Peer 1: 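The structure is given below, and queries will be raised subsequently.
Just so you know, these numbers come straight off a predicted model, no measurement behind them. Only this structure's heavy atoms are used, side chains among them; waters, hydrogens and symmetry mates stay out.
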Amino acid sequence: QVASFQGVAVRSLSTSSPHDHPEHGRLVYKGNLAKTVLGVKFFSYSTSVFNLFMMPYIMLKSGIGVESLLVQAAFYGLIGIFTFVTPVTLHILTKGYVIRLYYKDEVDTYTAITYNAILTEKATVFHQKDVKIPDITKMFTTFYAKTKSMLVNPTLFPNPQDYNHLMGYDKSSFFKFEDLEEVKEADER
């Protein structure tokens, strides 16, 4: 890598690729919705915190404390749905979205980086043999790593062989390209 530093060329002595991580391995996947997921979750959390701080003021000014118990329960229930249920639902739906996926060739392990409930990155390490493909296609699950559901977009893998290895398609007798070519040639004859 060569960078310019006040008009003087400076050569980096680093031998690793910018897509390598010393602890996790080689970067094989990068999700394109990472910033969007983080932004939506942050917005949801911030509006929930705003609701919690504004609730006493709203109750004091609206006079809801003198209304009937039924009106109070309906009001608190509606505010509770938007304050607590929305962020929890967003977290449940997006907790398996893989931001980055790293692969270590030496030990055949993957490290999936996802966002946890407090919006920090969480690393999940698993072996390729721990990957299970759901029998029925699920909306927010591409595969299971041990028991945790993960969501990736297969078209975002720069190298399709990385996706095939992750899913175990390279070991499967179902999807051998050579066999498909032989069948195609036999059909043409």
Side-chain angles (χ1 to χ4, degrees), residues 1-5 9-43 90-189:
Q1 298 173 357
V2 177
S4 176
F5 181 73
V10 178
R11 182 166 300 269
S12 172
L13 298 176
S14 172
T15 57
S16 65
S17 162
H19 300 294
D20 288 346
H21 190 278
E23 182 182 343
H24 303 308
R26 177 176 56 94
L27 181 68
V28 295
Y29 172 83
K30 188 173 183 181
N32 62 348
L33 296 176
K35 288 183 180 180
T36 305
V37 168
L38 182 65
V40 168
K41 287 176 88 170
F42 179 77
F43 179 74
L90 276 173
H91 172 67
I92 289 170
L93 294 177
T94 61
K95 70 180 176 181
Y97 182 74
V98 177
I99 303 164
R100 291 182 309 277
L101 185 67
Y102 296 94
Y103 177 65
K104 269 192 169 176
D105 292 321
E106 308 85 42
V107 289
D108 197 26
T109 60
Y110 289 91
T111 303
I113 308 295
T114 58
Y115 288 124
N116 64 11
I118 57 172
L119 304 180
T120 59
E121 292 184 355
K122 176 184 175 188
T124 304
V125 179
F126 57 94
H127 290 278
Q128 193 283 323
K129 64 182 177 189
D130 297 329
V131 172
K132 304 283 186 260
I133 302 169
D135 294 333
I136 300 171
T137 306
K138 299 197 177 184
M139 187 177 292
F140 296 103
T141 303
T142 307
F143 64 93
Y144 290 101
K146 297 181 182 175
T147 58
K148 185 175 180 180
S149 68
M150 299 282 179
L151 177 64
V152 295
N153 184 348
T155 62
L156 295 179
F157 280 82
N159 186 356
Q161 285 77 21
D162 288 329
Y163 177 73
N164 290 339
H165 182 70
L166 169 70
M167 302 299 279
Y169 296 153
D170 59 345
K171 294 180 176 93
S172 175
S173 62
F174 301 121
F175 297 107
K176 288 191 178 176
F177 186 71
E178 298 83 20
D179 294 343
L180 184 62
E181 287 295 320
E182 289 174 8
V183 170
K184 192 175 182 181
E185 288 173 7
D187 286 343
E188 288 174 357
R189 285 187 240 148

Peer 1: Side chains of Phe140 and Tyr97, heavy atoms from C-beta outward: is any pair under 4.5 Å?
Peer 2: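 They are not in contact (no side-chain heavy atoms under 4.5 Å apart), so the answer is no.
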Peer 1: Are the side chains of Tyr110 and Asp162 in contact, using a 4.5 Å heavy-atom criterion?
Peer 2: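 They are not in contact (no side-chain heavy atoms under 4.5 Å apart), so the answer is no.
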Peer 1: Please report the shortest heavy-atom distance between Val107 and His127, naming the atom on each side.
Peer 2: O-ND1, 3.6 Å
Peer 1: As an exercise, state the distance from CG of Leu166 to CD1 of Ile133, rounded to the nearest 0.5 Å.
Peer 2: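 Interatomic distance, Leu166 CG to Ile133 CD1, rounded to 0.5 Å: 8.5 Å.
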Peer 1: Within this structure, what is the CE-CG distance for the pair Met150 and Leu101, rounded to the nearest 0.5 Å?
Peer 2: 8.5 Å
Peer 1: Please evaluate residues His165 and Asp170 with respect to the criterion side-chain hydrogen bond (donor to acceptor under 3.5 Å, both in side chains), reporting the C-alpha separation (whole Å), side-chain torsions for both, the decisive distance (0.1 Å), and the verdict.
Peer 2: CA-CA 5 Å; His165 182 70; Asp170 59 345; 2.7 Å; yes
Peer 1: For Ala123 and His24, work out which heavy atoms get closest and say how close.
Peer 2: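 Where Ala123 meets His24 most closely, the heavy atoms are CB-CE1, 4.2 Å.
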Peer 1: Indicate yes or no: at least one non-hydrogen side-chain atom of Lys148 is less than 4.5 angstrom from one of Thr114.
Peer 2: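 A side-chain contact under 4.5 Å exists here.
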Peer 1: Rounded to the nearest 0.5 Å, what separation is found between the CG atom of Leu90 and the OH atom of Tyr115?
Peer 2: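 With rounding to 0.5 Å, CG (Leu90) is 14.0 Å from OH (Tyr115).
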Peer 1: Would you find a donor on one side and an acceptor on the other, under 3.5 Å apart, between the side chain of Thr142 and the backbone of Val152?
Peer 2: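 Such a contact is found between Thr142 side chain and Val152 backbone.
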Peer 1: What do the steps show when you test Tyr103 against Asp108 for side chain to side chain contact (heavy atoms under 4.5 Å, CB included), and what is the final call?
Peer 2: CA-CA 7 Å; Tyr103 177 65; Asp108 197 26; 2.7 Å; yes
Peer 1: Can you give each donor-acceptor pair under 3.5 Å made by side-chain atoms of residues 28-41, sequence neighbours left out, with the distance rounded to 0.1 Å?
Peer 2:
{"from": "Tyr29", "atom 1": "OH", "to": "Asn153", "atom 2": "N", "distance (Å)": "3.0"}
{"from": "Lys41", "atom 1": "NZ", "to": "His91", "atom 2": "ND1", "distance (Å)": "3.2"}

Peer 1: Any pair with a residue in residues 113-129 that passes salt bridge (charged side-chain N to carboxylate O under 4.0 Å, His left out), sequence neighbours left out, goes on the list, sorted by first then second residue, please.
Peer 2: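 Every salt bridge (charged side-chain N to carboxylate O under 4.0 Å, His left out) pair that includes a residue of residues 113-129, provided the two are not neighbours, is Arg100-Glu121.
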Peer 1: Which one of Ile113, Thr109, Val125 satisfies the side-chain contact (heavy atoms from CB on, under 4.5 Å) criterion with Tyr102?
Peer 2: Ile113
